[in-house]
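As the structure is a computational prediction, the values presented were derived from the model and not from experiment.
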Amino acid sequence: MDIFNIEEELDKLPKNPGVYIMHNDTGAVLYVGKATNLHNRVRQYFRSGHGHNNSPKIIKMVSQIAYFEYIITKSEMEALVLECNLIKEYRPKYNTLMTDDKGYPYIKVTVYEDFPRIMMSHQMKRDKSLYFGPFTDRKAVKDIILLVRKLFMLRTCSIPLPKNIGITRPCLYYQIGQCSAPCDNSISKEEYHKNVEGAISFLSGNYSGVVKDLKEQMNRASEELEFEKAASLRDLITGIEHIMEKQRVSKTRDEDRDIIAIARRNKDIVVSIFFVREGNLVGRENYHMQSDEEDTDSEIINDFIKQYYIGTPRIPKEIITKTDVKDKELLEMYLSERAESSVHITVPKIGDKMHLLKLAEDNASLVLSQDLERIKKYEKKTIGACEEIAELIGVDKAYRMEAFDISNISGYHSVASMVVFENGKPKKNSYRKFRLRTVEGPDDYASMKEVLTRRFTDEKLSVLPDVLMMDGGKGQVNVAKMVLDSLGIEIPVCGMVKDDNHRTRGLYYNNEELIFKPGSEAMHMITSLQDETHRFAITYHRELRSKEQVRSILDDIPGVGPKRRKALLLHFKDVDSVKAATVSELMEAEGINENVANEIYTFFHE
């Protein structure tokens, strides 16, 4: 991203809390961090004299930074939770201290049970439970769970109820007044559920009455000179208020949602889309659009949803917007059909969803005021390259391109890759891998015919490219045209042509080779597309070869399956050692009896 001027971008940094993301020149995430003041924190990395910059690791990381981005938040706590989610998402090279895979805890209420329990959970599962969080203070979570159990007399045991009611005597918690003992029929199911509803209400933020009562107990304890009890109550109140500051509740059935907000200046528009996955805010993307000033927000968001989700494989169950969209019912039907589950477009008025929408709006406004020119320059290199290609081959548009490559190193198992570039950028969630089913040996033309036929008859791949790019010349182009003609599909087909030095020089289209202008954006983009297609195919081929080599040598031996193969490799470390072993040595491996050992020895020595 050579259009990113670090010094200029440092001056634009806001003084809000948020998360910053450092990238190298390939776009890989180097580091994710949080800040109470983004302006001050991010600038420190590029200024000498700051203590943390003396670290060899930081010095090395800073030397690789090509550009950075940031997401503003309402509080440092939100920044902390978002930082954790982004680190889990990207696994940045220089976030080496973030090794706790358990993440932040949730409070879980097992509402699907006849007599629900409350507990701490390290992840949110699809189990019909009600989850609160995630939270950043593990100790406070434990204190809250303990308090809720005491206040609402909820059980802690895992005894199957009502199946085992009356089989055992009530436990100690009942004896000390901290459990209502549903296991002994000491409370009806209806009364117990009222207690559960009270606990859920408390965890949802309706805890002022409980806090008031605790404060009264604290004051009373203080007046009676029970200072240790008063201090304990004070700490409990502080823990409650701290953990409830920004708590969120999520039900597993509607855990994924996208939040779409816009900011406008004359004809320029920035759309920010925030991604909430499994109840967590995990990231965001910004898009620049242009429209007439007379267009309403509703019309703009309507158009954005149609353009964005038509080629996106994962569609959330809820899309939150500032205003109702014009084709709401039609869009919901279309998106629900693609997602194979109900999708709703909603406009919040209050609550957490409104809070997320406001956050997205703040980010859109910030991007519009500070980053719009950079976005425009970047679009010139990406969308501009697509427009150059469309002009070069004489078609209306080339915004979505699909490229295919066959890999059959040394004649070993042919595989194919499908790489998608949209608006001049890789769209990796649309990539596809193909393992050849009907072709044996290194027959690239037959292989390409099978792959293209499978691609264009796959109902899940309903979005068609504007241009089809083949990694090869006239022969591959003709194969693609033949497949498309047989299916009644009209798509322009180009061959990506390289010179004798394996550098992309042009496109083969309509029996003519069209040469790029030296150094043009179109040439750079097609070079990237060709390289990425080849890389993706080779990577897949190597993965399969690695797996197949292990399987073909050991799993083909009678009596050796996955478990015994694993035992052999654990004992002998490699296949060569297995080959060299005697029957008695083979029997030393776990699960290898004399008959199997003889089979293995015979397999390698006959």
Side-chain angles (χ1 to χ4, degrees), residues 14 16-19 38 69-83 85-86 131-134 204-205 245-251 253-265 268-289 291 295-309 312 314-329 331-332 335 339 342-372 375:
N16 305 65
V19 171
L38 286 166
E69 57 178 322
Y70 48 86
I71 304 174
I72 61 172
T73 58
K74 290 294 185 184
S75 68
E76 188 177 10
M77 179 180 285
E78 282 188 357
L80 184 62
V81 175
L82 178 56
E83 177 195 33
N85 292 329
L86 291 178
Y131 288 85
F132 295 82
S204 298
E245 178 191 347
K246 290 293 180 184
Q247 71 86 30
R248 292 180 290 128
V249 59
S250 297
K251 294 182 180 178
R253 67 172 181 269
D254 61 355
E255 59 200 8
D256 292 356
R257 57 173 65 107
D258 289 353
I259 298 92
I260 299 174
I262 66 172
R264 309 179 63 172
R265 182 195 297 158
D268 288 312
I269 297 162
V270 167
V271 178
S272 275
I273 176 167
F274 274 54
F275 308 108
V276 175
R277 297 295 179 262
E278 297 186 356
N280 300 323
L281 178 60
V282 298
R284 65 94 171 85
E285 293 177 359
N286 295 310
Y287 293 89
H288 173 233
M289 299 179 71
S291 70
D295 290 341
T296 65
D297 289 355
S298 176
E299 292 170 329
I300 293 166
I301 294 173
N302 189 81
D303 290 343
F304 176 80
I305 290 174
K306 285 192 285 190
Q307 294 175 45
Y308 181 81
Y309 289 104
T312 302
R314 184 173 180 180
I315 299 173
K317 296 186 177 181
E318 183 176 29
I319 299 170
I320 297 171
T321 66
K322 178 182 179 180
T323 179
D324 274 324
V325 295
K326 182 176 62 174
D327 301 324
K328 179 181 176 180
E329 291 185 8
L331 284 173
E332 285 180 338
L335 295 174
S342 296
V343 176
H344 299 286
I345 301 171
T346 60
V347 181
K349 301 299 180 185
I350 57 173
D352 294 329
K353 295 178 184 179
M354 189 64 193
H355 165 73
L356 285 169
L357 183 59
K358 181 65 169 62
L359 187 63
E361 288 177 343
D362 290 345
N363 276 272
S365 298
L366 192 66
V367 170
L368 183 64
S369 62
Q370 296 185 353
D371 292 348
L372 185 58
I375 290 174

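Residues satisfying the side-chain hydrogen bond (donor to acceptor under 3.5 Å, both in side chains) criterion with E69, sequence neighbours excluded, are H23, R284.
With values rounded to the nearest 0.5 angstrom, T346 atom OG1 is found 9.0 Å from D324 atom CG. Considering CG of L335 and OG of S342, their distance stands at 11.5 Å, rounded to 0.5 Å. Put simply, CD1 on I301 and CD1 on I273 are 11.0 Å apart, with the number rounded to the nearest 0.5 Å. Summarising the geometry, atom CG belonging to N302 is positioned 8.5 Å from atom OG1 belonging to T296; distances are rounded to the nearest 0.5 Å. Atom CG of residue L359 and atom NE2 of residue H355 lie 6.0 Å apart, to the nearest 0.5 angstrom. Distance check, rounded to the nearest 0.5 Å: NE2 of H344 to NZ of K317 gives 10.0 Å.
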From CA spacing to verdict: side chain to side chain contact (heavy atoms under 4.5 Å, CB included), F274, I320:
CA-CA 10 Å; F274 274 54; I320 297 171; over 6 Å; no
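The shortest heavy-atom contact between V325 and S298 is CA-OG, 3.4 Å. Of all the heavy atoms in V347 and K322, the pair that sits closest is CG1-O, 3.2 Å. The heavy-atom pair separating I269 from R264 by the smallest distance is CG1-CG, 4.1 Å. When every heavy atom of I259 is checked against every heavy atom of L357, the shortest pair comes out as CG2-CA, 3.6 Å. Nearest heavy atom pair, residue P14 against residue L366, reads CG-CD2, 3.6 Å. The shortest non-hydrogen separation linking K349 to M354 is O-CG, 3.7 Å.
Judged by distance alone, the side chain of N363 and the main-chain N or O of I72 form a donor-acceptor pair under 3.5 Å. Side chain of T321 to main chain of T323: a donor-acceptor pair is present (N/O by atom type, distance under 3.5 Å, no hydrogens or angles).
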